[in-house]
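I have placed the structure first, in the form of structure tokens, so that the comments after it can refer back to it.
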2 protein chains.
Amino acid sequence: MGTTQLEAVPEPKYWHLKNVIGEALDSEFAVGEILPNERELAARFGVARATLRQALEQLELEGRLQRRRGVGTTVAPPRVGVDVSTTQHVWPGVGEDTWQAVDGVAGQAPLAVARLLDVRSAESVHIVRRLRVSAGLPVAAELLYVPELSVPGLTATDAAGGPAGARAVLRELQRLTLDGQDRSVELGSARADDARELDRLPGSPVLVVTTRYLSGGRTAAVSVATYRADTCRLTFGDSGDLAMAS
Amino acid sequence: MGTTQLEAVPEPKYWHLKNVIGEALDSEFAVGEILPNERELAARFGVARATLRQALEQLELEGRLQRRRGVGTTVAPPRVGVDVSTTQHVWPGVGEDTWQAVDGVAGQAPLAVARLLDVRSAESVHIVRRLRVSAGLPVAAELLYVPELSVPGLTATDAAGGPAGARAVLRELQRLTLDGQDRSVELGSARADDARELDRLPGSPVLVVTTRYLSGGRTAAVSVATYRADTCRLTFGDSGDLAMAS
DNA sequence: AAGTGGTCTAGACCACGCG
DNA sequence: GCGTGGTCTAGACCACTTG
């Protein structure tokens, strides 16, 4: 009875730390400014480096910090709004400057994609690799899976081999009538190859946008685009611009 | 010269571990099955517990595992597709069973929301708290910010106090004509109160869906909905159902 | 009370970017 | 070569759930 419980809910140290640093970020740091290094920060707050890192990880997840090995930790700019609205209803690669074709190969779709395509998982499909660039920085890497059935006027050698092959597939795809598309967004972690192209470490959090392109009652193509979760805010608006900047 | 470098690219242990366990999950475990505990797994793989945990964290981020303190680690079911398509163009709370009103209070919007509402940050707004339930489980917690200007026929006492007040605000809002809406999705970490309602730990990854409701050339309301990133896949489709289930 | 995952420590070494 | 963040260890204790 005698003791009044002042700290009834002892919140974790890293959580408290995250909030403290977050507030400091708002008031005492400018975008792009570099923070003291982790060993220094840990010492300053009187915690182990691992605990300090847990706080920084959260802030990076929220897009407020950017950490680069060999360089340091900097204050991140506000997230970029990236338009992924589905209202345009066009095939990938039509009025293009946002996406650039990187490569085209023949291969087989992963199981989950094969199901969406309604294709035997061992069956060979065209795979087009594209990169989305915004303001000079890569924001997304895409794998576009196109069954050979969707682009009959194309040989395997046409489709393969560098950007030219990739563009050939996109061109053939655009000859079909697009009946509709649906799209989903979920959290994922970057595969090794995507991470390399996005200039991130393997496993970093990404937003995975899966789009199914419908034509003639079939799924004509499936796109799996992985967006950097730290720097991107996906926008779907009619009016597009949900600016939160100052 | 003598030694041939077989492991030219030493990938991190936790990464390799993640892949090994991930494959085991596909082949040797059923949904809902509980894994051996972390100390046991770490010993079995010959790594420190922290390293093992790093691998499990990634798998949980990808929605493949579910960990609960005091209980254990279980194999997660495939993510639930949650429809968040914007095509309906309706005010929140119209043909409702997916969302349930929890509470209504008067308060002031956080800075980022105040900017979207074009409202002085100190100005009092109605705040409606809602919970989205899918298949009996909470999947999202929402804060709906409604400036008093948008619902002039409502006193502060009408709006406050439990579910009834919340529903009063929604009802008034529906009297306006909805001109449009736009929406954005980004990664965030759960605030303490959201985490509690979603049955997660504070800071767990969430998908933050911000919706702006436009009426009469103004932003009549802003909704900030946080979805559990581990269990949810947000769908935007015309045809809605992007099922990846077996 | 026992067993689980969650937090935290104090160290060590590694991989990378830059001067 | 030096300083940075990234990985890893071996241990301790805490918070929670369940029998």
Side-chain angles (χ1 to χ4, degrees), chain A residues 5 7-19 21 32-61 65-76 189-190 192 195-196 199-205 230, chain B residues 5 7-19 21 33-61 64-76 189-190 192 195-196 199-205 230:
Chain A
Q5 195 78 358
E7 277 287 354
V9 197
E11 57 184 4
K13 253 185 208 179
Y14 76 88
W15 180 259
H16 183 233
L17 210 51
K18 188 205 100 174
N19 293 324
I21 298 176
E33 197 169 342
I34 60 176
L35 269 61
N37 71 52
E38 297 184 347
R39 291 161 179 86
E40 155 100 32
L41 280 176
R44 191 178 299 186
F45 287 108
V47 299
R49 192 177 155 221
T51 306
L52 185 270
R53 274 179 65 78
Q54 214 172 338
L56 295 187
E57 253 150 49
Q58 287 246 8
L59 288 167
E60 192 180 28
L61 200 77
L65 287 180
Q66 194 162 348
R67 304 187 306 174
R68 272 171 304 171
R69 166 151 54 176
V71 180
T73 302
T74 58
V75 180
S189 55
R196 200 175 339 102
D199 192 27
R200 300 256 61 200
L201 290 175
S204 23
D230 56 343
Chain B
Q5 195 78 359
E7 277 287 356
V9 196
E11 55 184 4
K13 255 185 206 179
Y14 76 88
W15 182 259
H16 182 234
L17 210 52
K18 187 204 102 174
N19 292 323
I21 298 176
E33 197 169 342
I34 61 175
L35 269 61
N37 72 52
E38 298 184 346
R39 290 159 180 90
E40 156 100 33
L41 280 176
R44 190 179 299 187
F45 287 108
V47 299
R49 191 177 154 219
T51 306
L52 184 270
R53 274 180 64 79
Q54 214 173 339
L56 295 186
E57 253 149 50
Q58 287 247 6
L59 288 166
E60 192 180 29
L61 200 76
R64 310 204 38 197
L65 287 181
Q66 194 163 345
R67 302 192 290 172
R68 273 171 304 170
R69 167 152 52 175
V71 180
T73 302
T74 58
V75 180
S189 53
R196 198 172 345 99
D199 193 27
R200 299 257 61 200
L201 290 174
S204 23
D230 55 344

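Proteins get letters first, then strands, A, B, ... in listed order; numbering begins at 1 in each.
Taking CZ of A:Arg67 as the start and CG of A:Leu35 as the end, the distance is 10.5 Å to the nearest 0.5 Å. One finds the CZ atom of A:Arg49 at 4.5 Å from the CD atom of A:Glu38 (value rounded to the nearest 0.5 Å).
Using a 4.0 Å heavy-atom cutoff across all strands shown, A:Arg68 reaches sugar-phosphate atoms only and no base atom.
Taking atom CD of B:Glu11 as the reference point, atom C1' of C:dC14 lies 15 Å away to the nearest angstrom. Spacing between atom CZ of A:Arg196 and atom P of C:dC16 amounts to 12 Å, rounded to whole angstrom units. For the pair B:Leu201 CG and C:dT4 P, the computed distance is 18 Å after rounding to whole Å. In this entry the distance linking CD of A:Gln66 with P of C:dG17 reads 14 Å, nearest Å. Rounded to whole angstrom, the span from the CG atom of B:Asp230 across to the C1' atom of C:dG5 amounts to 15 Å. As rounded to whole Å, 6 Å separates atom C1' of C:dC16 from atom CZ of A:Arg69.
You'll find the side chain of A:Ile21 reaches within 4.5 Å of the side chain of A:Leu56, heavy atoms only.
For the pairing with B:Glu60, the salt bridge (charged side-chain N to carboxylate O under 4.0 Å, His left out) check across B:Lys18, B:Arg200, B:Arg68 returns one residue only, B:Arg200.
Residue B:Thr73 has a polar side-chain atom (N or O) positioned under 4.0 Å from OP1 or OP2 of C:dG5. At the phosphate of C:dT4, OP1 or OP2 sits under 4.0 Å from a side-chain N or O atom of B:Asn37.
Of the two residues near DNA chain C, A:Lys13 and A:Gly70, the one whose nearest nucleotide lies more 5' is A:Lys13. The nearest heavy atom of DNA chain D to B:Gln54 and to B:Arg49 marks one nucleotide each, and the one closer to the 5' end goes with B:Gln54.
Enclosure of atom CG in B:Asp199 is not indicated, since only 12 or fewer non-hydrogen atoms of other residues, nucleotides or ligands lie within 6.0 angstrom.
Along DNA chain D, read 5' to 3', the first and last nucleotides having any atom under 4.0 Å from a heavy atom of chain A are D:dG3 to D:dA15.
When every heavy atom of A:Leu201 is checked against every heavy atom of A:Ala190, the shortest pair comes out as O-CB, 4.4 Å. A:Leu17 approaches A:Val47 most closely through the heavy-atom pair CD2-CG2, 4.0 Å.
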